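Here is the structure we will look at.
Chain letters run A, B, ... following the sequence lines, proteins first and then strands; every chain starts at 1. Values in this document were obtained by computation on a predicted structure and should not be read as measured data. Reckoned from all heavy atoms, side chains included, excluding hydrogens, waters and symmetry mates.
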There are 2 protein chains.
Amino acid sequence: MRPTKRDELVQKALTAFYRNGFHATGMDMLAAETRISKTSMYKHFRTKEELILAVLRLRDENFRNWLYRRIEELADTPGQQLIALFDALEDWFQEPGFRGCMFIKASSEYQDAGHPIHRQSADHKRMLETYVIGLAQKAGYRDPADLARQLLLLKEGAIVTAHLGHTARPAMDAKQAAIALLENSEK
Amino acid sequence: MRPTKRDELVQKALTAFYRNGFHATGMDMLAAETRISKTSMYKHFRTKEELILAVLRLRDENFRNWLYRRIEELADTPGQQLIALFDALEDWFQEPGFRGCMFIKASSEYQDAGHPIHRQSADHKRMLETYVIGLAQKAGYRDPADLARQLLLLKEGAIVTAHLGHTARPAMDAKQAAIALLENSEK
DNA sequence: TAATAAATGTACCGATCTGTTCACTTTGTC
DNA sequence: GACAAAGTGAACAGATCGGTACATTTATTA
(Lines give C-alpha, C1' and ligand atoms only; values in the text may rest on other atoms or scores of the structure.)
Protein backbone atom coordinates (compact mmCIF):
# COMPACT_ATOMS: atom_id res chain seq x y z
CA MET A 1 0.00 0.00 0.00
CA ARG A 2 1.06 3.53 -0.70
CA PRO A 3 2.83 5.48 2.06
CA THR A 4 0.36 7.89 3.54
CA LYS A 5 -0.23 10.45 6.23
CA ARG A 6 -0.21 7.71 8.79
CA ASP A 7 3.29 6.58 7.95
CA GLU A 8 4.44 10.15 7.74
CA LEU A 9 3.02 10.77 11.19
CA VAL A 10 4.70 7.73 12.72
CA GLN A 11 8.02 8.62 11.13
CA LYS A 12 7.95 12.21 12.35
CA ALA A 13 6.65 11.20 15.77
CA LEU A 14 9.61 8.85 16.05
CA THR A 15 11.99 11.76 15.56
CA ALA A 16 10.18 13.93 18.08
CA PHE A 17 9.89 11.24 20.76
CA TYR A 18 13.49 10.21 20.28
CA ARG A 19 14.74 13.74 20.71
CA ASN A 20 12.39 14.94 23.46
CA GLY A 21 11.24 11.87 25.32
CA PHE A 22 7.73 10.44 25.57
CA HIS A 23 6.08 12.24 28.46
CA ALA A 24 7.80 15.49 27.53
CA THR A 25 6.35 15.42 24.01
CA GLY A 26 2.71 16.48 23.97
CA MET A 27 0.22 15.78 21.24
CA ASP A 28 -0.20 19.49 20.45
CA MET A 29 3.53 19.90 20.10
CA LEU A 30 3.57 16.80 17.93
CA ALA A 31 0.84 18.24 15.69
CA ALA A 32 2.76 21.49 15.35
CA GLU A 33 6.04 19.75 14.60
CA THR A 34 4.66 17.25 12.10
CA ARG A 35 2.23 19.73 10.54
CA ILE A 36 -0.40 17.03 10.75
CA SER A 37 -3.65 18.06 12.38
CA LYS A 38 -4.54 16.66 15.78
CA THR A 39 -7.87 15.53 14.38
CA SER A 40 -6.07 13.47 11.82
CA MET A 41 -3.68 12.01 14.35
CA TYR A 42 -6.55 10.82 16.50
CA LYS A 43 -8.26 9.34 13.47
CA HIS A 44 -5.27 7.05 12.96
CA PHE A 45 -4.51 6.32 16.61
CA ARG A 46 -7.05 6.26 19.40
CA THR A 47 -4.55 7.19 22.08
CA LYS A 48 -1.05 8.53 22.49
CA GLU A 49 -0.02 5.11 23.75
CA GLU A 50 -1.11 3.47 20.50
CA LEU A 51 0.94 6.00 18.58
CA ILE A 52 3.96 5.29 20.74
CA LEU A 53 3.56 1.56 20.15
CA ALA A 54 3.46 2.17 16.40
CA VAL A 55 6.55 4.34 16.69
CA LEU A 56 8.37 1.58 18.57
CA ARG A 57 7.39 -0.97 15.93
CA LEU A 58 8.86 1.26 13.25
CA ARG A 59 11.98 1.89 15.29
CA ASP A 60 12.48 -1.83 15.85
CA GLU A 61 12.13 -2.50 12.14
CA ASN A 62 14.41 0.35 11.10
CA PHE A 63 17.06 -0.33 13.68
CA ARG A 64 17.33 -4.08 13.25
CA ASN A 65 17.32 -3.81 9.47
CA TRP A 66 20.03 -1.20 9.60
CA LEU A 67 22.15 -3.12 12.10
CA TYR A 68 21.94 -6.47 10.34
CA ARG A 69 22.84 -4.97 6.99
CA ARG A 70 25.66 -2.90 8.38
CA ILE A 71 27.14 -5.95 10.08
CA GLU A 72 26.96 -7.92 6.85
CA GLU A 73 28.69 -5.10 5.01
CA LEU A 74 31.47 -5.02 7.57
CA ALA A 75 32.25 -8.72 7.89
CA ASP A 76 31.76 -12.00 6.07
CA THR A 77 31.98 -14.78 8.61
CA PRO A 78 29.72 -15.15 11.65
CA GLY A 79 32.75 -14.94 13.93
CA GLN A 80 33.86 -11.65 12.42
CA GLN A 81 30.30 -10.38 12.42
CA LEU A 82 30.11 -10.79 16.19
CA ILE A 83 32.92 -8.25 16.37
CA ALA A 84 31.60 -6.07 13.58
CA LEU A 85 28.55 -5.45 15.76
CA PHE A 86 30.68 -3.01 17.70
CA ASP A 87 31.99 -1.25 14.62
CA ALA A 88 28.37 -0.73 13.62
CA LEU A 89 27.67 0.67 17.06
CA GLU A 90 30.47 3.18 16.60
CA ASP A 91 28.87 4.39 13.37
CA TRP A 92 25.62 4.86 15.22
CA PHE A 93 27.17 6.71 18.15
CA GLN A 94 28.85 9.11 15.75
CA GLU A 95 25.62 10.10 14.06
CA PRO A 96 24.77 13.73 14.93
CA GLY A 97 21.36 13.00 16.42
CA PHE A 98 22.44 10.02 18.54
CA ARG A 99 20.56 10.00 21.84
CA GLY A 100 20.89 6.46 23.09
CA CYS A 101 18.55 3.51 22.73
CA MET A 102 14.88 4.36 22.23
CA PHE A 103 13.76 1.15 23.92
CA ILE A 104 15.82 1.75 27.04
CA LYS A 105 14.24 5.20 27.18
CA ALA A 106 10.77 3.81 26.65
CA SER A 107 11.14 1.18 29.35
CA SER A 108 12.54 3.89 31.59
CA GLU A 109 9.46 6.05 31.24
CA TYR A 110 6.98 3.16 31.30
CA GLN A 111 8.44 0.97 33.97
CA ASP A 112 5.64 -1.39 34.86
CA ALA A 113 6.60 -4.84 33.66
CA GLY A 114 3.12 -5.41 32.24
CA HIS A 115 2.84 -2.11 30.40
CA PRO A 116 2.55 -2.64 26.62
CA ILE A 117 5.32 -0.14 25.94
CA HIS A 118 7.62 -1.87 28.38
CA ARG A 119 6.83 -5.29 26.94
CA GLN A 120 7.40 -4.15 23.40
CA SER A 121 10.78 -2.74 24.39
CA ALA A 122 11.68 -6.06 25.95
CA ASP A 123 10.59 -7.81 22.75
CA HIS A 124 13.06 -5.75 20.75
CA LYS A 125 15.91 -6.81 23.01
CA ARG A 126 14.85 -10.44 22.76
CA MET A 127 14.90 -10.32 18.98
CA LEU A 128 18.40 -8.92 19.02
CA GLU A 129 19.42 -11.66 21.41
CA THR A 130 18.05 -14.31 19.07
CA TYR A 131 20.06 -12.80 16.24
CA VAL A 132 23.34 -12.72 18.15
CA ILE A 133 22.84 -16.24 19.47
CA GLY A 134 22.40 -17.30 15.86
CA LEU A 135 25.72 -15.73 14.90
CA ALA A 136 27.45 -17.40 17.83
CA GLN A 137 25.99 -20.75 16.83
CA LYS A 138 27.07 -20.39 13.22
CA ALA A 139 30.53 -19.40 14.42
CA GLY A 140 30.68 -22.71 16.21
CA TYR A 141 30.97 -21.68 19.82
CA ARG A 142 30.16 -24.29 22.40
CA ASP A 143 27.84 -22.11 24.52
CA PRO A 144 26.39 -19.67 22.01
CA ALA A 145 23.65 -18.35 24.30
CA ASP A 146 26.03 -17.58 27.15
CA LEU A 147 28.45 -15.88 24.81
CA ALA A 148 25.70 -13.89 23.10
CA ARG A 149 24.32 -12.62 26.39
CA GLN A 150 27.76 -11.46 27.46
CA LEU A 151 28.35 -9.64 24.19
CA LEU A 152 24.96 -8.00 24.45
CA LEU A 153 25.78 -6.72 27.92
CA LEU A 154 28.74 -4.96 26.34
CA LYS A 155 26.45 -3.57 23.66
CA GLU A 156 23.87 -2.18 26.09
CA GLY A 157 26.57 -0.81 28.35
CA ALA A 158 28.24 0.89 25.41
CA ILE A 159 24.97 2.52 24.35
CA VAL A 160 24.14 4.07 27.71
CA THR A 161 27.73 5.07 28.35
CA ALA A 162 28.06 6.69 24.94
CA HIS A 163 24.85 8.61 25.57
CA LEU A 164 25.83 9.78 29.03
CA GLY A 165 29.40 10.63 28.12
CA HIS A 166 28.68 12.07 24.67
CA THR A 167 31.48 10.11 23.10
CA ALA A 168 31.72 7.18 20.73
CA ARG A 169 34.62 5.69 22.65
CA PRO A 170 32.56 3.01 24.45
CA ALA A 171 32.07 1.30 21.10
CA MET A 172 35.76 0.54 20.81
CA ASP A 173 36.07 -0.28 24.51
CA ALA A 174 33.31 -2.79 24.02
CA LYS A 175 34.96 -4.12 20.87
CA GLN A 176 38.21 -4.80 22.68
CA ALA A 177 36.34 -6.55 25.46
CA ALA A 178 34.36 -8.57 22.92
CA ILE A 179 37.52 -9.74 21.19
CA ALA A 180 38.90 -10.88 24.53
CA LEU A 181 35.70 -12.74 25.33
CA LEU A 182 35.70 -14.47 21.96
CA GLU A 183 39.32 -15.52 22.35
CA ASN A 184 38.46 -16.93 25.72
CA SER A 185 35.44 -18.91 24.49
CA GLU A 186 35.67 -22.55 23.54
CA LYS A 187 34.43 -23.89 20.26
CA MET B 1 20.93 15.86 64.67
CA ARG B 2 17.40 14.77 63.90
CA PRO B 3 16.35 14.34 60.29
CA THR B 4 14.59 17.47 59.09
CA LYS B 5 11.49 17.78 56.96
CA ARG B 6 13.76 18.65 54.12
CA ASP B 7 15.65 15.38 54.37
CA GLU B 8 12.41 13.50 54.76
CA LEU B 9 11.09 15.14 51.62
CA VAL B 10 14.17 14.33 49.58
CA GLN B 11 14.15 10.74 50.80
CA LYS B 12 10.49 10.20 49.96
CA ALA B 13 10.77 12.05 46.67
CA LEU B 14 13.59 9.68 45.76
CA THR B 15 11.29 6.72 46.23
CA ALA B 16 8.50 8.32 44.20
CA PHE B 17 10.72 9.44 41.32
CA TYR B 18 12.49 6.10 41.22
CA ARG B 19 9.26 4.21 40.98
CA ASN B 20 7.28 6.54 38.71
CA GLY B 21 9.79 8.50 36.71
CA PHE B 22 10.48 12.23 36.78
CA HIS B 23 8.03 13.77 34.31
CA ALA B 24 5.34 11.33 35.33
CA THR B 25 5.57 12.35 38.99
CA GLY B 26 3.84 15.68 39.59
CA MET B 27 4.36 17.96 42.54
CA ASP B 28 0.77 17.49 43.74
CA MET B 29 1.15 13.74 43.63
CA LEU B 30 4.45 14.10 45.45
CA ALA B 31 2.81 16.18 48.17
CA ALA B 32 0.07 13.61 48.57
CA GLU B 33 2.48 10.70 48.68
CA THR B 34 4.97 12.25 51.09
CA ARG B 35 2.29 13.92 53.21
CA ILE B 36 4.37 17.07 53.07
CA SER B 37 2.52 20.19 52.00
CA LYS B 38 3.29 21.75 48.66
CA THR B 39 3.88 25.06 50.40
CA SER B 40 6.56 23.46 52.48
CA MET B 41 8.15 21.76 49.51
CA TYR B 42 8.47 25.04 47.68
CA LYS B 43 9.99 26.67 50.75
CA HIS B 44 12.85 24.18 50.61
CA PHE B 45 13.22 24.00 46.83
CA ARG B 46 12.44 26.78 44.43
CA THR B 47 11.67 24.47 41.53
CA LYS B 48 11.00 20.84 40.77
CA GLU B 49 14.36 20.69 39.07
CA GLU B 50 16.17 21.74 42.25
CA LEU B 51 14.36 19.00 44.13
CA ILE B 52 15.37 16.45 41.53
CA LEU B 53 18.99 17.54 41.78
CA ALA B 54 18.86 17.10 45.55
CA VAL B 55 17.31 13.67 45.07
CA LEU B 56 20.12 12.69 42.71
CA ARG B 57 22.74 13.88 45.17
CA LEU B 58 21.21 11.70 47.84
CA ARG B 59 20.95 8.77 45.49
CA ASP B 60 24.58 9.11 44.49
CA GLU B 61 25.66 9.19 48.12
CA ASN B 62 23.46 6.27 49.14
CA PHE B 63 24.32 4.11 46.18
CA ARG B 64 28.07 4.59 46.16
CA ASN B 65 28.31 4.12 49.91
CA TRP B 66 26.28 0.97 49.72
CA LEU B 67 28.20 -0.41 46.76
CA TYR B 68 31.67 0.30 48.16
CA ARG B 69 30.83 -1.26 51.51
CA ARG B 70 29.19 -4.28 50.00
CA ILE B 71 32.20 -4.90 47.79
CA GLU B 72 34.52 -4.65 50.79
CA GLU B 73 32.35 -7.12 52.66
CA LEU B 74 32.47 -9.56 49.80
CA ALA B 75 36.18 -9.51 48.97
CA ASP B 76 39.50 -8.55 50.49
CA THR B 77 41.92 -7.91 47.64
CA PRO B 78 41.43 -5.31 44.90
CA GLY B 79 41.52 -8.07 42.30
CA GLN B 80 38.73 -9.99 43.98
CA GLN B 81 36.80 -6.79 44.57
CA LEU B 82 36.67 -6.11 40.85
CA ILE B 83 34.73 -9.35 40.58
CA ALA B 84 32.71 -8.81 43.74
CA LEU B 85 31.24 -5.76 42.06
CA PHE B 86 29.03 -8.11 40.10
CA ASP B 87 27.97 -10.08 43.17
CA ALA B 88 26.91 -6.79 44.69
CA LEU B 89 24.94 -6.03 41.53
CA GLU B 90 23.11 -9.32 41.89
CA ASP B 91 22.04 -8.37 45.42
CA TRP B 92 20.72 -5.12 44.08
CA PHE B 93 18.84 -6.69 41.17
CA GLN B 94 17.13 -9.07 43.56
CA GLU B 95 15.76 -6.33 45.78
CA PRO B 96 11.96 -6.16 45.40
CA GLY B 97 11.82 -2.52 44.30
CA PHE B 98 14.64 -2.73 41.75
CA ARG B 99 13.88 -0.54 38.75
CA GLY B 100 17.22 0.01 37.10
CA CYS B 101 19.67 2.86 37.45
CA MET B 102 18.22 6.19 38.53
CA PHE B 103 20.89 8.13 36.66
CA ILE B 104 20.29 6.34 33.39
CA LYS B 105 16.61 7.17 33.80
CA ALA B 106 17.37 10.78 34.65
CA SER B 107 19.65 11.27 31.67
CA SER B 108 17.00 9.58 29.54
CA GLU B 109 14.33 12.09 30.53
CA TYR B 110 16.64 15.12 30.49
CA GLN B 111 18.72 14.45 27.43
CA ASP B 112 20.37 17.76 26.70
CA ALA B 113 24.06 17.42 27.40
CA GLY B 114 24.12 20.76 29.18
CA HIS B 115 21.11 20.15 31.40
CA PRO B 116 22.05 20.12 35.11
CA ILE B 117 20.24 16.84 35.66
CA HIS B 118 22.06 15.23 32.77
CA ARG B 119 25.41 16.55 33.93
CA GLN B 120 24.88 15.37 37.46
CA SER B 121 24.03 11.91 36.19
CA ALA B 122 27.23 11.88 34.18
CA ASP B 123 29.14 12.95 37.31
CA HIS B 124 27.87 9.91 39.16
CA LYS B 125 29.17 7.60 36.45
CA ARG B 126 32.52 9.37 36.43
CA MET B 127 32.91 8.88 40.17
CA LEU B 128 32.21 5.18 39.81
CA GLU B 129 34.77 5.02 37.03
CA THR B 130 37.40 6.65 39.23
CA TYR B 131 36.68 4.08 41.92
CA VAL B 132 36.98 1.08 39.60
CA ILE B 133 40.14 2.45 37.99
CA GLY B 134 41.56 2.69 41.52
CA LEU B 135 40.80 -0.96 42.16
CA ALA B 136 42.38 -1.97 38.87
CA GLN B 137 45.48 0.04 39.69
CA LYS B 138 45.83 -1.49 43.15
CA ALA B 139 45.35 -4.91 41.61
CA GLY B 140 48.39 -4.18 39.47
CA TYR B 141 46.95 -4.29 35.97
CA ARG B 142 48.97 -2.66 33.28
CA ASP B 143 46.13 -0.64 31.72
CA PRO B 144 43.81 -0.02 34.66
CA ALA B 145 41.70 2.61 32.91
CA ASP B 146 41.03 0.45 29.86
CA LEU B 147 40.15 -2.50 32.04
CA ALA B 148 37.91 -0.41 34.29
CA ARG B 149 35.98 1.01 31.37
CA GLN B 150 35.37 -2.46 29.98
CA LEU B 151 34.16 -3.77 33.33
CA LEU B 152 31.87 -0.78 33.69
CA LEU B 153 30.33 -1.46 30.30
CA LEU B 154 29.39 -4.88 31.64
CA LYS B 155 27.95 -3.25 34.74
CA GLU B 156 25.79 -0.75 32.83
CA GLY B 157 24.68 -3.43 30.41
CA ALA B 158 23.73 -5.73 33.26
CA ILE B 159 21.65 -3.00 34.92
CA VAL B 160 19.54 -2.15 31.88
CA THR B 161 19.18 -5.78 30.88
CA ALA B 162 18.11 -6.81 34.38
CA HIS B 163 15.55 -4.01 34.37
CA LEU B 164 14.14 -4.85 30.96
CA GLY B 165 14.15 -8.60 31.48
CA HIS B 166 13.06 -8.57 35.13
CA THR B 167 15.70 -11.04 36.11
CA ALA B 168 18.91 -10.92 38.08
CA ARG B 169 20.68 -13.22 35.65
CA PRO B 170 22.63 -10.48 33.86
CA ALA B 171 24.66 -10.00 37.04
CA MET B 172 26.14 -13.47 36.75
CA ASP B 173 26.51 -13.20 32.98
CA ALA B 174 28.49 -10.03 33.56
CA LYS B 175 30.50 -11.69 36.30
CA GLN B 176 31.55 -14.52 34.01
CA ALA B 177 32.53 -12.04 31.33
CA ALA B 178 34.43 -9.96 33.88
CA ILE B 179 36.41 -12.98 35.03
CA ALA B 180 37.34 -13.72 31.45
CA LEU B 181 38.44 -10.13 30.88
CA LEU B 182 40.57 -10.14 34.02
CA GLU B 183 42.23 -13.40 33.05
CA ASN B 184 43.00 -11.90 29.69
CA SER B 185 44.51 -8.69 31.08
CA GLU B 186 48.22 -8.27 31.59
CA LYS B 187 49.72 -7.13 34.85
C1' DT C 1 4.36 32.70 78.49
C1' DA C 2 5.53 35.24 74.65
C1' DA C 3 7.95 35.57 70.39
C1' DT C 4 9.48 33.32 66.35
C1' DA C 5 10.12 30.00 62.97
C1' DA C 6 8.31 26.13 60.38
C1' DA C 7 4.69 23.69 58.41
C1' DT C 8 -0.10 23.34 57.01
C1' DG C 9 -4.59 23.51 54.02
C1' DT C 10 -6.86 25.50 50.46
C1' DA C 11 -7.71 28.04 46.83
C1' DC C 12 -5.91 29.90 42.92
C1' DC C 13 -2.96 31.20 38.47
C1' DG C 14 -1.96 30.46 33.59
C1' DA C 15 -0.31 26.91 30.88
C1' DT C 16 -0.44 22.46 29.17
C1' DC C 17 -2.11 17.70 29.15
C1' DT C 18 -4.96 13.96 26.41
C1' DG C 19 -8.81 13.64 23.82
C1' DT C 20 -13.34 15.37 21.35
C1' DT C 21 -16.48 18.05 18.45
C1' DC C 22 -17.82 20.36 14.34
C1' DA C 23 -18.03 22.74 10.26
C1' DC C 24 -15.15 23.18 6.37
C1' DT C 25 -11.72 22.11 2.51
C1' DT C 26 -8.90 19.17 -0.04
C1' DT C 27 -8.11 14.96 -2.64
C1' DG C 28 -8.75 10.86 -5.42
C1' DT C 29 -11.97 8.03 -8.22
C1' DC C 30 -15.74 6.81 -11.04
C1' DG D 1 -18.84 16.88 -12.56
C1' DA D 2 -20.38 14.07 -8.55
C1' DC D 3 -19.29 11.86 -4.45
C1' DA D 4 -16.95 9.91 -0.62
C1' DA D 5 -12.82 9.62 1.93
C1' DA D 6 -9.33 12.00 4.15
C1' DG D 7 -7.48 16.05 6.18
C1' DT D 8 -7.92 20.72 8.24
C1' DG D 9 -8.35 24.50 11.89
C1' DA D 10 -10.14 26.05 15.87
C1' DA D 11 -12.54 25.80 19.80
C1' DC D 12 -13.56 23.17 23.74
C1' DA D 13 -13.64 19.68 27.99
C1' DG D 14 -11.87 18.14 32.21
C1' DA D 15 -7.79 17.11 34.34
C1' DT D 16 -3.25 18.04 35.63
C1' DC D 17 1.02 20.65 35.21
C1' DG D 18 4.56 23.75 38.00
C1' DG D 19 4.24 27.34 41.06
C1' DT D 20 2.08 31.14 44.25
C1' DA D 21 -0.81 33.59 47.94
C1' DC D 22 -2.64 33.79 52.30
C1' DA D 23 -4.43 32.92 56.53
C1' DT D 24 -3.92 29.45 60.10
C1' DT D 25 -1.81 26.03 63.00
C1' DT D 26 2.07 23.67 65.10
C1' DA D 27 6.91 23.57 67.18
C1' DT D 28 10.81 25.52 68.98
C1' DT D 29 13.06 28.45 72.00
C1' DA D 30 13.85 32.59 74.80
Below the 4.0 Å mark, does C:dA6 have OP1 or OP2 next to a side-chain nitrogen or oxygen of B:H44?
no
Touch check for B:R6, heavy atoms < 4.0 angstrom, all strands: base, sugar-phosphate only, or nothing?
nothing
Would the distance check show the side chain of B:K155 and the main-chain N or O of B:L89 forming a donor-acceptor pair, the cut-off being under 3.5 Å?
no
How close or far is atom C1' of D:dC17 from atom CG of B:N20, stated in whole angstroms?
15 Å
Nearest-0.5 Å distance that lies between atom CD1 in B:I159 and atom CD in A:E156
12.5 Å
Counting side-chain heavy atoms from CB outward, which of C:dC17, D:dG7, D:dG19 is closest to A:K43?
D:dG7
If you check every side-chain atom of A:S40, which of D:dT20, D:dC17, D:dG7 has the closest atom?
D:dG7
What is the distance, rounded to the nearest whole Å, between atom CG of A:D7 and atom C1' of D:dA6?
14 Å
Without decimals, in angstroms, what is the distance between A:E50 CD and C:dT18 C1'?
13 Å
Interatomic distance, B:F22 CZ vs D:dC17 C1' [rounded to whole Å]:
17 Å
Counting only side-chain heavy atoms from C-beta out, which of C:dT20, D:dG19, D:dG9 sits nearest to A:T39?
D:dG9
Rounded to whole angstroms, how far apart are CG on A:D28 and C1' on D:dT8?
15 Å
Please report the distance, rounded to the nearest Å, between NE2 in A:H23 and C1' in C:dT18.
12 Å
Quickly work out the A:E8 CD to D:dG7 C1' distance and round it to whole Å.
11 Å
Hey, is A:E72 close enough to A:R69 for a salt bridge, meaning N to O under 4.0 Å?
no
Lys/Arg-Asp/Glu bridge criterion (N-O < 4.0 Å) met for B:R126, B:D123
yes
Look at A:T4 and D:dG7 and indicate whether a side-chain polar atom (N or O) is within less than 4.0 Å of OP1 or OP2.
yes
Quick check: on DNA chain C, is the nucleotide nearest A:R46 upstream (toward 5') of the one nearest A:A24, or the reverse? Name the residue that is more 5'.
A:A24
Hey, does the side-chain of B:K38 have a donor or acceptor N/O within less than 3.5 Å of a partner on the base of C:dG9?
no
In whole angstroms, how far is the P atom of D:dT16 from the NZ atom of B:K48?
15 Å
Under-4.0 Å side-chain N/O to phosphate OP1/OP2 contact, A:K5 with D:dG7
no
Neighbour count >12 (heavy atoms, 6.0 Å) for atom CZ, A:R119
no
Please confirm whether the shortest side-chain N or O distance from A:S37 to OP1 or OP2 of D:dG9 is below 4.0 Å.
no
